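Notes follow once the structure below has been shown.
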Amino acid sequence: MLDVLSKAGAFIGIIVMGYLLKRKGFFCLKDFYFVSRIVVKITLPCAIIYNFSQITLEKSLLALIGIGFCCNVVMVALGYLLSRGGSREDKAFGAINASGYNIGNFTLPFVQSFLGPSGVVACSLFDTGNAVMCTGLTYSIGAAIAGKGGKVSVKNVARTLFSSLPFDAYLLMSVLALLKLELPAAAVSFAQTAGNANPFLALLMIGIGFEIRLEKSKLSRLVKLLILRYSAAAVMGAALFLLCPFDLQIRKALLIIAFGPVSSVATAYTGALDGDVELSSAMNSLSILISIACITGLLLVLP
């Protein structure tokens, strides 16, 4: 228990440090994008490569890709239903902001530190399905709901996916693992060294980008969305943990993923549809705080 609290406290401390340093002027907005590029293009792909190289990938685990996709579809539907009494814009907002999982920049650092390589692989495979939705399909659905002519373009989704280095790393390492091929030891050693920096940089990035500004009139809607998000997380997380026929570490990872924060692209999509960016940004930031508390609690009680 002390080990979990100590590590979780260190994670929270890194986020707080990033936020306070930004408030003091040590970091600015452009630093967030700079650190983000390092995480997305270097440390996260390296963490994926190293952890995949440490396990034997069973074909049955590929089902996690479908689970990641389906969890997103469920949350899009629930977000839409929660806003069914509102305008088309409200329904689109609910569909976009209730769905998506911030795995690479948030959940994976926790799993990397607490559950080891098998947990990271579970996150990576789940995130493959999650990424298919987050890189275009969710936005297209939201645009269609809002009546802005949104159409699903397989070409655009594929281009976005394959231009993502983490996704490319997922794909490459999955293929190599299934073919039982190994990377050279030097490449694995390099990936391990760079990947070890991922938790720190990802959490520092979250702290730098953390911001909550919200009018009181919007508070009720925010609370409803957060209650929906984490109620669904409890139900889906429990189902994944109790019913999935995977090893305990994999099921732990799935439970933790379910309680992860909203995808960071939700706010960008909301802005693209002329939605309430302030509300979306507040939900994104608050979901990080709630997820930290939920995931820390789960790590304390899980066997």
Side-chain angles (χ1 to χ4, degrees), residues 4-19 32 36 39 44 47 67-68 71-72 74-76 78-79 94 96-115 119-120 122-124 126-127 130-131 133-134 138 198-212 214 222-241 251-267 279-302:
V4 171
L5 289 174
S6 176
K7 286 185 178 181
F11 280 17
I12 294 169
I14 294 169
I15 294 174
V16 171
M17 179 180 70
Y19 177 74
F32 170 83
S36 175
V39 170
L44 178 54
I67 292 175
C71 286
N72 269 271
V74 169
M75 292 311 303
V76 167
L78 290 176
I96 289 173
N97 287 275
S99 64
Y101 297 86
N102 188 346
I103 294 176
N105 295 332
F106 181 89
T107 308
L108 195 136
F110 276 88
V111 171
Q112 185 178 351
S113 296
F114 287 100
L115 301 183
V120 171
C123 276
S124 300
F126 184 100
D127 197 25
N130 176 60
M133 290 293 289
C134 290
T138 299
N198 187 66
F200 173 78
L201 288 176
L203 295 168
L204 181 69
M205 180 190 71
I206 288 172
I208 296 171
F210 187 87
E211 199 66 58
I212 297 177
L214 186 69
L222 174 64
V223 171
K224 289 179 181 178
L225 280 166
L226 288 171
I227 289 175
L228 170 71
R229 171 80 183 191
Y230 288 95
S231 297
V235 173
M236 290 195 295
L240 292 171
F241 181 74
R251 291 186 285 116
K252 281 184 181 180
L254 290 173
L255 179 56
I256 289 171
I257 289 169
F259 281 91
V262 177
S263 171
S264 56
V265 300
T267 302
L279 179 59
S280 177
S281 179
M283 180 168 178
N284 209 291
S285 294
L286 281 174
S287 73
I288 289 172
L289 296 180
I290 296 171
S291 291
I292 289 173
C294 291
I295 290 174
T296 301
L298 288 170
L299 290 169
L300 287 171
V301 301
L302 287 172

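Every value quoted in this text rests on a predicted model; they were computed, and no experiment measured them. The first residue of the sequence shown is numbered 1, and numbering continues consecutively from there.
A donor-acceptor distance shorter than 3.5 angstrom exists from the side chain of Tyr230 to the backbone of Ser287, with no hydrogens or angles considered. In this structure a side-chain-to-backbone donor-acceptor pair under 3.5 Å is missing from Ser285 to Phe210. Distance alone, capped at 3.5 Å, is enough to place a donor-acceptor pair between the Lys7 side chain and the Ser113 backbone. Although no hydrogens or angles enter the test, the distance criterion places no donor-acceptor pair under 3.5 Å between the side chain of Asn130 and the main chain of Gly68. A donor-acceptor pair is defined here as one N or O able to donate and one able to accept, closer than 3.5 Å; no such pair exists between the side chain of Ser99 and the backbone of Met75. Asn105 contributes no side-chain N or O that, together with a main-chain N or O of Ala202, makes up a donor-acceptor pair within less than 3.5 Å.
In this structure, the separation between CZ on Phe126 and CG on Asn72 is 6.5 Å, given to the nearest 0.5 Å. To the nearest 0.5 Å, atoms CG (Leu204) and OG (Ser36) are separated by 11.5 Å. For the atom pair CD1 of Ile14 and CG of Leu201, the computed distance is 9.0 Å after rounding to the nearest 0.5 Å. Here the CG atom belonging to Leu299 is positioned 7.5 Å from the CZ atom belonging to Phe110, to the nearest 0.5 angstrom. Here NZ of Lys252 is found 14.0 Å from CD1 of Ile257. Values are rounded to the nearest 0.5 Å. Considering CD1 of Ile206 and CZ of Phe32, their distance stands at 8.5 Å, rounded to 0.5 Å.
A heavy-atom distance below 4.5 Å is not found between the side chains of Phe259 and Ile290. Side-chain contact check for Phe106 versus Ile292: some heavy-atom pair is nearer than 4.5 Å. Taking 4.5 Å as the limit, every side-chain heavy atom of Tyr101 sits out of range of all side-chain heavy atoms of Asp127. Using a 4.5 Å heavy-atom cutoff, the side chains of Ser124 and Ile103 are not in contact. Counting only heavy atoms from C-beta outward, the side chains of Asn284 and Pro261 never approach each other to under 4.5 Å. Considering only heavy atoms from C-beta on, Thr107 stays 4.5 Å or farther from Asn102 through its side chain. Contact annotation: the side chain of Leu115 approaches that of Ile256 to within less than 4.5 Å [non-hydrogen atoms, C-beta and beyond].
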Between Leu255 and Leu240, does the side-chain contact (heavy atoms from CB on, under 4.5 Å) criterion hold? Intermediate values first, please.
CA-CA 7 Å; Leu255 179 56; Leu240 292 171; over 6 Å; no
I'd like to know whether Ile295 forms a side-chain contact (heavy atoms from CB on, under 4.5 Å) with Phe114, so could you lay out the CA-CA distance, the side-chain angles of the two residues, the decisive distance to 0.1 Å, and finally the verdict.
CA-CA 11 Å; Ile295 290 174; Phe114 287 100; over 6 Å; no
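The minimum heavy-atom distance linking Asn198 with Gly104 is given by the pair ND2-O, 4.2 Å. The two residues Gly119 and Val111 come nearest to each other via the heavy atoms C-CG1, 3.2 Å. Nearest heavy-atom pair, Ala122 versus Ala253, reported as atom, atom and distance to 0.1 Å: CB-CB, 3.9 Å. Residues Arg229 and Gly260 share a closest heavy-atom pair of NH2-O, 3.1 Å. The shortest heavy-atom contact between Cys71 and Met236 is SG-SD, 4.2 Å. Taking every heavy atom of both residues into account, Ala266 and Asn97 meet most closely at CB-OD1, 3.7 Å.
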